[in-house]
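For reference, the structure discussed in these notes is given below.
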Amino acid sequence: MVTVVEPEFFLSEVIGRRVYRHSERVGRLQDLVIVETGKLPEISQLLISRPYGQPSVLVPWDKVIVISTNEIAIDVESLEAYQQAPGAGAILLRDYILDKKILDMDGREVEVVYDVKLAFQAGKLYASEVDFSRHRLLRRLGLRHLANFFAQQRGAGSTVSWLYVQPLPDDLGSFSGDVKLNVLKSKVHEMHPVDLADILEELDSGQRQALFNQLEPEHASETLEEIEPRVQRELMATMQHDRAARLIGEMSPAQAADILAILPASDADGILALLDAEDAVKVRRIVEYHDENILLFATQGCIRMPAQAIVQQVLAGYREIAREKDVLTYIYVVDDEERLLGVVGLRELVAAEPEQTLGALMTEQLITLHPDETLRDAVHALSRYGLRAVPVVDENRRLLGVISDHDVRGLKPRLD
């Protein structure tokens with residue numbers, strides 16, 4: 001079984017590393033051969049150069065027992081059995097990918113591949129990202145201190161998940177072919193969590209984990225919410241508790257509870273212990289169903305606007321208005337004392353005349369919940385009336401929060 005010292009590292013960090021067989025030094029790593037078995041290419045062979053004019057050897061991945069940025073060890077009986085050149089159609093990661101131009105789907109040059117990030121999962125090594133940052137170029141040139149200085153001044157640079165890379169062309173070689181992306185340059189760092197969830201569900205276990213581990217915490221959290229429970233459970237089971245807590249911490253208490261409820265109690269308790277104390281109490285009460293009061297599930301992240309707001313102005317500023325809101329489907333019209341007057345659906349807003357006010361457009365006959373009602377009442381209201389969200393109001397119709405279908409949908413089967 002292969003031992004990988006670092007779960008993630010860059011191609012440039014292992015190229016040229018010494019290779020040993022039974023403590024005997026046999027050569028240096030010259031290149032890695034990849035096969036495109038799915039969304040992420042898999043390392044299938046190691047090309048090892050040998051000294052004194054001896055022929056190179058091509059060793060299968062399953063013969064590797066240790067790989068690190070310091071050294072590599074292989075377990076083969078005889079090197080002569082592996083004295084061969086890469087076969088026709090083999091893709092050499094260093095020779096064919098490094099320093100190639102990256103083109104977007106319109107054929108416009110984006111950047112140059114200066115390095116490739118490798119990720120180890122479930123006994124396999126994958127090419128997970130292409131890196132076109134000047135930081136990696138300087139590191140490759142041996143200018144580590146200068147690279148670190150620029151990284152501190154400008155950030156480490158830019159990477160692109162291999163998820164965005166089109167299948168490599170047949171004519172790709174040392175001096176021919178380009179690396180092409182399946183997105184526009186302007187969209188190179190964007191993918192909706194729902195789309196990512198669909199892709200992750202299609203991958204095998206190792207590729208799924210390698211890809212998910214590359215996501216930033218906020219993006220990973222949003223994607224995790226969209227994944228089916230079976231895959232959620234698998235991803236959470238392989239995750240360190242501190243990373244799991246960071247992702248859970250990005251969610252509403254109801255969303256967090258929905259995911260923790262599928263985990264073994266020991267894992268859920270370990271993650272809860274790392275959350276903010278107040279949030280952990282809310283999540284634990286939801287998970288254990290000791291208190292199903294509706295306010296535990298209510299979010300303040302809804303759009304509130306006065307009745308006199310003009311449609312044209314609302315639409316013009318909608319991107320900023322909706323920033324970091326949890327409920328985007330409805331605009332809740334309130335007065336100066338936060339009393340709920342009515343609601344305007346996003347669809348009605350877009351179809352309205354530009355000079356109309358929200359007060360003229362809003363629906364006043366509303367389905368609402370009261371703070372003493374339960375989660376079961378909320379699920380019933382959402383299902384019965386086909387709503388995406390339901391406001392919670394007090395006896396004076398003051399808006400206390402909103403229950404969204406997104407927050408409770410995973411809990412429905414357990415409450416029906």
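Note that this is a predicted model, so its numbers are computed, not measured.
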**Request:** Look only at the side chain of D31 and the backbone of L47, and say whether a donor-acceptor pair between them is shorter than 3.5 Å.
**Result:** no

**Asked** Quick check: does any side chain N or O of E201 sit under 3.5 Å from a backbone N or O of E228, one acting as donor and the other as acceptor?
**Response** yes

**Asked** Counting only N and O atoms by type, is there a donor-acceptor contact under 3.5 Å from the side chain of R94 to the main-chain atoms of Q30?
**Response** yes

**F212 to M239 - nearest heavy-atom pair and separation** = CE2-CE, 3.6 Å

**Asked** Does a sphere of radius 6.0 Å around CZ in R21 hold more than 12 heavy atoms from other residues, nucleotides or ligands, not counting ones at 6.0 Å or beyond?
**Response** yes

**Message:** Measuring only between side-chain heavy atoms, which start at C-beta, is R18 closer than 4.5 Å to V26?
**Reply:** no

**Request:** Report the distance from atom CG of L295 to atom CD of E373, rounding to the nearest 0.5 Å.
**Result:** 10.5 Å

**Message:** Can a donor-acceptor pair be found, under 3.5 Å and without considering hydrogens, that links the side chain of E13 to the backbone of F10?
**Reply:** yes

**Request:** Would you name the heavy atoms of Y318 and L328 that are closest together and state the gap between them?
**Result:** OH-O, 2.9 Å

**Request:** Would you indicate whether the side-chain heavy atoms of D75 and K63 approach each other to under 4.5 Å?
**Result:** no

**Request:** Evaluate the side-chain proximity of I271 to M236: yes if any heavy-atom separation is below 4.5 Å, no if none is.
**Result:** yes

**Message:** Take a 6.0 Å sphere around CZ of R304 and say whether it holds more than 12 heavy atoms from other residues, nucleotides or ligands.
**Reply:** yes

**Request:** Find out whether I310 and T357 are in side-chain contact, i.e. whether some heavy atom of one side chain is under 4.5 Å from a heavy atom of the other.
**Result:** yes

**Prompt:** So how far is it from I248 CD1 to L274 CG, rounded to the nearest 0.5 Å?
**Reply:** 11.5 Å

**Request:** First locate atom CD of E250, then atom CD of E225, and finally report the distance between them rounded to the nearest 0.5 Å.
**Result:** 9.5 Å

**Request:** Count the heavy atoms belonging to other residues, nucleotides or ligands that lie under 6.0 Å from CD of E278, then report whether that count exceeds 12.
**Result:** no

**Close side-chain approach of H219 and P193, heavy atoms under 4.5 Å** = yes

**Request:** Report the residues that fulfil salt bridge (charged side-chain N to carboxylate O under 4.0 Å, His left out) with E353, sequence neighbours left out, ordered by chain and then residue number.
**Result:** none

**Prompt:** Taking the side chain as C-beta and beyond, is there a heavy-atom pair between D99 and Y114 under 4.5 Å?
**Reply:** yes

**Request:** Rounded to the nearest 0.5 Å, what's the gap from CD on E24 to CD1 on I74? Could you check?
**Result:** 9.0 Å

**Request:** Kindly indicate, with the supporting measurements, whether the criterion side-chain contact (heavy atoms from CB on, under 4.5 Å) is fulfilled by V59 and Q45.
**Result:** CA-CA 5 Å; V59 177; Q45 296 170 305; over 6 Å; no

**Item:** Nearest heavy-atom neighbours spanning V314 and A309
**Value:** CG2-CB, 4.0 Å

**Asked** Can you name the nearest heavy-atom pair linking D267 to L263, along with the distance?
**Response** CB-CB, 4.4 Å

**Prompt:** Taking all atoms of both residues into account, what is the closest heavy-atom pair of V390 and A381, and its distance?
**Reply:** CG2-CB, 4.4 Å

**Item:** Validation row: D131, K117 side chains within 4.5 angstrom (heavy atoms)
**Value:** no

**Asked** Are L46 and L32 close enough, and set up right, to give a side-chain contact (heavy atoms from CB on, under 4.5 Å), and what steps lead you there?
**Response** CA-CA 5 Å; L46 280 64; L32 297 173; 3.7 Å; yes

**Asked** Taking it one step at a time, do T363 and Y330 satisfy side-chain contact (heavy atoms from CB on, under 4.5 Å)?
**Response** CA-CA 11 Å; T363 299; Y330 305 113; over 6 Å; no

**Closest heavy-atom pair and its distance - L79, V76** = CD2-CG2, 4.0 Å

**Message:** To the closest 0.5 Å, what do you measure between CZ (F120) and CD (Q209)?
**Reply:** 10.5 Å

**Message:** Could you check whether any side-chain N or O of W61 sits under 3.5 Å from a backbone N or O of G123, counting only pairs where one atom can act as donor and the other as acceptor?
**Reply:** yes

**Asked** Got a second to check how far R233's CZ is from T238's OG1, nearest 0.5 Å?
**Response** 13.0 Å

**Asked** Going through the distances and angles, do L358 and L349 end up as a side-chain contact (heavy atoms from CB on, under 4.5 Å)?
**Response** CA-CA 8 Å; L358 295 185; L349 183 72; 3.8 Å; yes

**Check: L224 main-chain N/O paired with Q232 side-chain donor or acceptor under 3.5 Å** = yes

**Asked** Is there side-chain contact between P60 and Y82, with at least one heavy-atom pair below 4.5 Å?
**Response** yes

**Request:** State whether the side chain of Q54 and the backbone N or O of P51 hold a donor-acceptor pair below 3.5 Å, judged by distance alone.
**Result:** yes

